[in-house]
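Structure, as C-alpha cells:
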Amino acid sequence: QVQLVESGGGSVQAGGSLRLSCAASGRAFSTYVMGWFRQAPGKEREFVAAISWGGSSTAYADSVKGRFTISRDNAKNTVYLQVTTLSPEDTAVYYCAAGRRPVLPLSQSRSQYDYWGQGTQVTVSS
C-alpha cells in the first residue's frame, strides 16, 4: 500500500506559478510511474503529466506543454509539478497518482494508476 499526500496548492492570479509536491510512503517509490491529474468542477478527472520510475521519461497533456514540468526525487520519495503561466482554465483539484506497472510509453489513463492522493486545490483568478 502506498499513501500519497499532495501539498503546494493555493490561490494565484493569472500568469502566476506554483510548485505542487506529492510525498509518498513506502520503499518502492522508485519503481512507480508517477502522474498528476486534475479535476475541475463539473468535469471529469484529466491527465496532466507523468514521469517514469527513474525520471528519464515524461509525458504531458497538450494543454500544459511548455507551462508545466514534472520531476521527482526518489531519495525523498517525492514528485513535483511546477506549474507556470497559470490561467483560470487551470483551476482544479490536482491529484497525484502512482502506477505499479513500469511500462513505456507512459500512460495517460486513470485506470493504469493504482494509488491516489486526496488532492490539492489550485485556484487561478483573472
Side-chain angles (χ1 to χ4, degrees):
Q1 190 73 14
V2 175
Q3 291 187 327
L4 303 173
V5 180
E6 302 96 334
S7 62
S11 297
V12 297
Q13 292 191 330
S17 300
L18 289 169
R19 188 193 197 198
L20 309 184
S21 298
C22 172
S25 65
R27 300 179 180 179
F29 176 79
S30 62
T31 68
Y32 295 139
V33 171
M34 298 300 297
W36 285 95
F37 289 74
R38 67 185 181 184
Q39 188 166 17
K43 295 187 177 181
E44 290 191 356
R45 192 171 299 188
E46 64 176 2
F47 171 79
V48 174
I51 188 166
S52 61
W53 45 99
S56 61
S57 294
T58 57
Y60 296 93
D62 289 342
S63 59
V64 307
K65 281 181 181 176
R67 300 189 298 122
F68 291 11
T69 303
I70 189 171
S71 61
R72 67 190 297 161
D73 185 337
N74 286 344
K76 296 182 178 180
N77 277 19
T78 302
V79 62
Y80 305 98
L81 186 68
Q82 181 72 42
V83 299
T84 65
T85 321
L86 286 163
S87 71
E89 289 71 32
D90 295 314
T91 295
V93 177
Y94 283 70
Y95 296 92
C96 173
R100 292 177 298 179
R101 289 162 287 277
V103 295
L104 293 175
L106 297 169
S107 176
Q108 300 187 11
S109 172
R110 288 177 294 172
S111 66
Q112 296 302 306
Y113 293 84
D114 304 287
Y115 306 105
W116 293 83
Q118 293 300 306
T120 185
Q121 176 72 48
V122 173
T123 302
V124 185
S125 58
S126 58

Using distance only, find each side-chain donor-acceptor pair of residues 2-16 under 3.5 Å and give its atom names and separation, not counting sequence neighbours.
from, atom 1, to, atom 2, distance (Å)
Glu6, OE1, Gln118, N, 3.1
Glu6, OE1, Gly119, N, 2.9
Glu6, OE2, Cys96, N, 2.8
Glu6, OE2, Gly119, N, 3.2

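- Considering only residues two or more places apart in sequence or on other chains, Ser109 meets the side-chain hydrogen bond (donor to acceptor under 3.5 Å, both in side chains) condition with Ser111.
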Practice item. In sequence, state the C-alpha distance, the side-chain angles, and the governing distance for Leu18 and Val122, and then conclude on side-chain contact (heavy atoms from CB on, under 4.5 Å). Key: CA-CA 9 Å; Leu18 289 169; Val122 173; 3.9 Å; yes
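- The shortest non-hydrogen separation linking Trp36 to Ile70 is CD1-CD1, 3.6 Å.
- Hydrophobic clustering (ILVMFWY, side-chain heavy atoms < 4.5 Å, transitive): Leu20 and Tyr80 are in distinct clusters.
- Expressed to the nearest 0.5 Å, how far OH of Tyr115 lies from OG of Ser25 amounts to 9.5 Å.
- The two residues Ala50 and Ser107 make their nearest non-hydrogen contact at CB-O, 4.4 Å.
- The closest donor-acceptor contact from the side chain of Asn77 to the backbone of Gly26 lies under 3.5 Å.
- The heavy-atom pair separating Ala98 from Met34 by the smallest distance is CB-SD, 3.6 Å.
- Taking CZ of Arg45 as the start and CZ of Arg38 as the end, the distance is 13.0 Å to the nearest 0.5 Å.
- Using a distance-only test at 3.5 Å, with no hydrogens or angles considered, a donor-acceptor pair links the side chain of Thr91 to the main chain of Val124.
- Counting all heavy atoms, side chain and backbone alike, Ser126 lies closest to Pro88 at CB-CG, 3.9 Å.
- When the side-chain hydrogen bond (donor to acceptor under 3.5 Å, both in side chains) test is applied to Arg67, the partners found at least two apart in sequence or on another chain are Asp90.
- A search for salt bridge (Lys or Arg N to Asp or Glu O under 4.0 Å) contacts involving Asp114 returns Arg100, Arg101, not counting sequence neighbours.
- Residues satisfying the side-chain hydrogen bond (donor to acceptor under 3.5 Å, both in side chains) criterion with Tyr32, sequence neighbours excluded, are absent altogether.
- Counting heavy atoms from C-beta on, the side chains of Lys76 and Ser21 never come closer than 4.5 Å.
- Listed here is the closest heavy atom pair of Val79 and Ser71: CG2-O, 3.1 Å.
- Smallest separation of non-hydrogen atoms from Gly54 and Arg72: C-CD, 4.5 Å.
- When hydrophobic residues (I, L, V, M, F, W, Y) are linked wherever their side-chain heavy atoms come within less than 4.5 Å, the members clustered with Val33 are Phe37, Phe47, Trp53, Val93, Tyr95, Leu104, Leu106, Tyr113, Trp116.
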